Amino acid sequence: MSSNQSFKNQHEEAYVSLMRGLKELDLQVPCVPCELVLIGDHAFPLAMNSRGQVLMAASMYGSGRIVVLGHEGYLTVFPALVGNAVTWLRGDGFDNLSVWVHRNVSAVADSLQKSSFQPKVVGAFTDNLTGGVYVTDAYSVGSNPTELVAFLKAGGGVLIAGQAWHWAATHPKENTLHQFDGNKVSGVAGIYFTERYGEVENLPVYPEIPSSWMSLATGKDFKDDLEFLLQGVSEFNLPPDCVFSEVLVHGPQAFPIGTTEDGRAFLAGAYYGRGRVIVVTHEGCLIVENMAPFWRNAIRWLDEGRRGVVGVMVDSALKVLSESGLKCEQTNFRKDLSVFVCKAYITEHLEEIQNFVAEGGGLLIGGHAWWWACTHAGQNPLTEFSGNKILNQMGLSLLTATISTGTYKALVPSCPIKDTYNFRHLLHRFAAHVFKGEELSKHEEGCLKKLGSDCDAYLHTKAHGCFYYTQVLAALTDMLKRSDLAQVSDSCPAMTPKDHLLLSVESPVFEFCLNPEALLPYLIKEKPLMPDVYNHRLKIDVNTADGEELISTGLYLSPGMSTYMIMPAETVNKDWKIQIGCQTDDLHDKDELKRPPRVHEQFAVTSDMMHVSNLWGGLIYLVAPPNTQVKGLEIIVQKAVTAPYYKSGVTTAAQWSLLRTAPSPWAELEFENIVLTIPSDAVRDLEYPEEVATLWDEIMRAIADLAAKPHKFPRKERFVTDVQISVGKWTLHQVTITNKQSKKAVVIDQSIPNECNIRMKEPKKLKKIPRAERGAGEDMVGWMHAGYPIMAHHASAAEVVGVKKAEQLWGLIRELGHNQQRSCWEFPPHTTECTCNLWSVYVHEEVLGLNRAQAHGDLTLANRKSRVEEYIKGGRKLSDWSVWVALETYLQLQEKFGWDAFKKVFAAYHHMSNFPEDNDSKMNLYAETFSQTVGMNLTGFFKAWGWPIETATERKLSQLPYWNDHPMTQYK
């Protein structure tokens with residue numbers, strides 16, 4: 001059981017104890033309560049009105065407990081509730097019957113006289129009051145509540161009652177959250193008195209903790225905080241060498257400070273307990289001089305006038321932060337600091353830092369989560385990344401989504417919340433739209449796609465013990481039940497922002513809701529396939545190289561079906577994973593959806609008995625970690641559906657004759673160096689898969705030949721079709737990513753998710769290719785994209801299974817070529833969509849028997865000649881040297897020196913290291929390498945193409961004979 005789930009059960013038990021014997025709470029008495037706001041994992045409501053306002057609540061802090069009532073009058077109006085509260089506050093197993101009652105609420109002592117407790121009226125709390133329960137109103141805490149907080153933390157019980165609306169009216173320039181006496185104690189435990197009136201009514205006492213979508217409403221506008229923080233700040237200049245994470249601002253006491261034009265936050269703040277926090281989503285911002293005015297404001301806001309010591313763990317930030325005028329010193333975490341400054345990657349003192357803030361400290365934390373996600377594949381950054389372990393409870397979460405550098409205007413503090421993106425406010429408005437039919441504004445509708453993505457992310461914080469989390473999850477569950485959303489498909493796509501949002505949350509809501517079986521019929525309209533195998537035993541051999549590898553099982557899970565898998569000891573807590581579903585493209589950015597945005601699930605193998613499922617079903621895979629060699633691993637799958645699965649050298653003809661009719665809608669053909677994952681309909685009539693295997697083995701060996709690599713790939717390529725693909729993923733064979741934290745260069749092999757691309761010198765993204773430049777099989781933009789796996793649309797399935805000699809297969813081969821590209825001989829953006837086509841030309845000529853003009857219409861002699869002439873007329877500018885124009889350069893080299901020259905050049909690069917990063921240097925290195933490979937000085941040829949050949953390169957090659965009759969000599 002997770003700790004959050006444990007919190008939830010603990011809260012339910014506490015609620016039952018606190019409300020025992022009560023049938024109703026008639027608040028229609030001469031008391032006007034204030035609304036309470038709850039944060040963190042421990043606070044939960046006891047009484048909530050029909051507007052979703054919390055009027056009574058309880059929480060835990062440290063070893064102690066606290067009950068908060070929204071008006072001091074309730075201490076006498078509800079004696080039974082007070083009796084239950086004192087009993088619960090005493091704690092389990094404690095014999096101390098002392099109840100210390102502040103003289104301002106002495107009536108409580110009178111009502112407890114007949115109980116077993118020993119009430120005693122006191123003038124104030126002092127440190128000699130140990131153990132038992134302390135009862136007070138919210139106005140008698142005093143200016144220094146440290147002793148009372150210590151009493152609570154050590155295991156004492158506190159019952160505190162009052163309202164803050166009157167205090168706020170008489171202290172208009174004071175901060176209610178931090179200056180109101182009651183909040184100096186209750187706020188530490190995540191319960192705040194607010195200046196807002198609570199609406200009174202006769203409330204029934206529910207058998208479970210009350211819940212309402214109405215409680216999603218926003219409260220404080222943080223206008224005063226923003227005015228203080230943004231004084232003298234008109235814009236934020238994010239440094240060009242940093243890539244920021246987005247921060248999800250989800251807590252009721254959290255607010256954005258710096259955002260992009262579309263509302264994605266890179267800077268945010270929050271109140272937490274008696275303290276405050278600010279997060280910036282790249283630590284590099286802490287040392288930027290032009291950010292100094294903001295950091296001056298931020299440090300003072302966090303210090304709250306104490307003028308204490310600012311402890312800076314990021315020593316490079318000392319100079320800039322010292323401009324705040326406060327004493328800054330380089331130090332690790334200490335409890336005696338006023339403000340602590342650290343990176344989000346800190347792994348020590350996490351709970352102590354949370355308590356430091358809760359008890360009044362300030363925290364400035366900088367860092368991103370995208371790099372952690374790249375280097376911790378299969379782990380949940382929202383729950384396992386150390387920065388989020390600190391920040392989640394504070395209402396802030398670092399996402400793997402990234403924000404580009406640039407200049408962004410500062411927020412306008414007085415701007416109405418309805419005109420900006422605010423997660424909590426917009427979710428409340430959307431709930432009102434679904435449940436009450438309220439109309440959304442155009443601005444709100446325009447933000448729903450982002451809201452869906454943010455809801456998905458928020459639910460993955462798995463904060464089941466958090467009151468706000470349970471409200472969000474319950475509200476989304478009810479929305480899905482009411483929506484009657486049609487099953488989306490190619491012929492029935494989701495077109496509206498509302499449907500987009502609901503599709504985005506279906507999978508996480510199903511995963512995390514309390515009763516997924518009851519929700520399933522609302523999500524899956526068609527009856528899923530029933531399992532046809534039980535206790536199925538699999539034996540696998542694994543030999544992985546540098547990257548993770550998917551291992552096919554030949555089994556499928558139907559939508560909503562779950563199963564148990566018995567895993568061998570060698571795989572438990574050894575970075576193995578189980579994956580359900582082959583389509584891993586994320587479609588959250590798409591306006592039109594032909595399937596839900598995310599349809600696969602991964603599970604880290606943490607036990608020998610793994611329970612796995614996926615709302616959308618999918619093929620079952622094992623994900624083997626890098627550098628793993630094992631033989632004969634046995635896995636038992638409790639129940640599943642058989643898939644048409646053919647594996648070269650293993651599956652016999654007799655077995656295939658039965659397997660090709662297996663019920664799974666997805667089939668796999670696994671050959672020597674590639675696995676094809678396609679709809680089962682594409683293989684139902686495939687009698688002789690060995691013929692397809694023979695051709696694909698030839699193709700893949702040819703891919704390896706041109707790349708100057710061994711025929712046996714270290715990891716088989718994978719090809720998967722889908723009804724819709726992302727297109728936003730790009731892959732190089734190897735990409736060096738610099739880790740800003742450790743200053744080390746890390747090579748990531750092949751499949752690189754979008755968020756990891758950003759550390760490349762020039763991020764690679766598929767661009768819109770002009771119609772005249774699209775290859776065969778690319779009649780639509782984004783028909784395929786490279787990666788692990790290569791993704792394509794369903795229409796390609798029949799093509800790759802039915803391919804024969806003398807038939808075109810341009811599109812898939814060019815994606816395989818993309819996977820062979822290496823940054824050391826790539827010159828982005830010029831060659832991004834160019835050099836991949838070398839493999840298409842080579843395979844079509846050497847394997848499929850089609851010359852280049854037959855392989856692609858753009859490679860006829862006439863088209864090639866006209867492109868060169870147009871390039872020459874345009875002034876031989878490198879800005880025009882891309883796709884087919886750039887390919888012509890390489891084809892001219894091939895036609896003179898043959899394919900062997902390319903193989904030798906690629907082989908030479910395999911033995912090099914310390915490559916330059918800029919295009920000019922890389923192009924000179926390529927010209928030098930190719931010249932030395934063929935024994936001829938090619939500098940004149942490359943210069944004729946507009947390459948920036950340096951004098952030093954020409955000198956290096958001056959001893960070689962010149963290529964004087966190259967094809968470009970005809971163009972003066």
Side-chain angles (χ1 to χ4, degrees), residues 698-711 733 775 805-806 808-810 813-814 816-822 824-827 831 834-856 858-861 863-865 867-868 881 883-912 922-945 947 949 953 956-957 959-971:
E698 284 187 62
I699 290 172
M700 298 306 293
R701 288 170 193 163
I703 298 286
D705 280 340
L706 183 55
K709 295 179 179 178
H711 281 176
H733 178 66
K805 291 289 182 95
Q808 289 183 338
L809 201 63
W810 186 276
I813 304 303
R814 77 187 299 274
L816 288 165
H818 270 311
N819 281 359
Q820 296 302 321
Q821 288 174 313
R822 295 187 64 199
C824 53
W825 47 258
E826 276 293 295
F827 321 125
T831 55
C834 159
T835 52
C836 54
N837 290 317
L838 289 171
W839 275 266
S840 287
V841 176
Y842 181 75
V843 169
H844 278 79
E845 292 188 340
E846 301 298 314
V847 178
L848 300 178
L850 295 172
N851 66 44
R852 55 199 64 182
Q854 293 173 306
H856 200 289
D858 277 294
L859 295 184
T860 63
L861 287 175
N863 283 336
R864 290 174 60 188
K865 187 173 187 299
R867 270 196 303 270
V868 175
W881 187 74
V883 196
W884 299 108
V885 175
L887 182 63
E888 186 61 28
T889 304
Y890 295 94
L891 293 181
Q892 289 179 357
L893 288 168
Q894 190 278 329
E895 287 165 351
K896 169 66 176 177
F897 301 106
W899 288 114
D900 279 349
F902 279 89
K903 295 175 186 178
K904 291 175 182 177
V905 168
F906 291 143
Y909 273 92
H910 293 327
H911 301 290
M912 297 183 198
K922 289 198 292 184
M923 295 173 95
N924 276 272
L925 177 61
Y926 190 87
E928 179 186 340
T929 304
F930 213 113
S931 294
Q932 290 174 341
T933 298
V934 300
M936 186 174 285
N937 188 336
L938 308 181
T939 55
F941 169 74
F942 287 115
K943 287 173 73 174
W945 272 104
W947 283 34
I949 301 301
T953 303
K956 282 183 186 178
L957 302 173
Q959 301 303 313
L960 296 175
Y962 278 85
W963 185 16
N964 291 319
D965 59 345
H966 61 75
M968 301 299 284
T969 56
Q970 61 185 298
Y971 304 105

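Both backbone and side-chain heavy atoms feed into the values below; hydrogens, waters and symmetry mates do not. Residue indices begin at 1 and follow the sequence shown. Computed from a prediction, not measured in an experiment: that's the story for all the values here.
- Side-chain contact check for W945 and E888: no donor-acceptor pair (N or O, by modelled atom type) lies under 3.5 Å.
- Side chains of K904 and F897 form no contact here, defined as non-hydrogen atoms less than 4.5 Å apart.
- Inter-residue side-chain proximity for W839 and L816 is flagged as unmet; no heavy-atom pair is nearer than 4.5 Å.
- Between L957 and Y962, the closest side-chain pair of non-hydrogen atoms is not below 4.5 Å.
- F941 and W947 have their aromatic ring centers separated by at least 6.0 angstrom.
- Checking T889 against W881 by side-chain atom types alone, a donor-acceptor pair falls below 3.5 Å.
- N924 and T953 share a side-chain donor-acceptor pair at under 3.5 Å.
- Side-chain contact, N851 with H844: no donor N or O sits under 3.5 Å from an acceptor N or O.
- Under the 4.5 Å side-chain criterion, counting only non-hydrogen atoms from C-beta, L891 is in contact with L859.
- For the residue pair D965/W963, the side-chain donor-acceptor check at 3.5 Å is satisfied.
- Counting only residues at least two apart or in different chains, side chain to side chain donor-acceptor pair (under 3.5 Å) contacts with residues 893-902 comprise R852-Q894, R852-E895, R864-E895.
- Applying the salt bridge (Lys or Arg N to Asp or Glu O under 4.0 Å) test to residues at least two apart or on different chains, the pairs with a partner in residues 924-944 are E928-K956, K943-E954.
- The shortest side-chain heavy-atom distance between T969 and N964 does not fall under the 4.5 Å cut-off.
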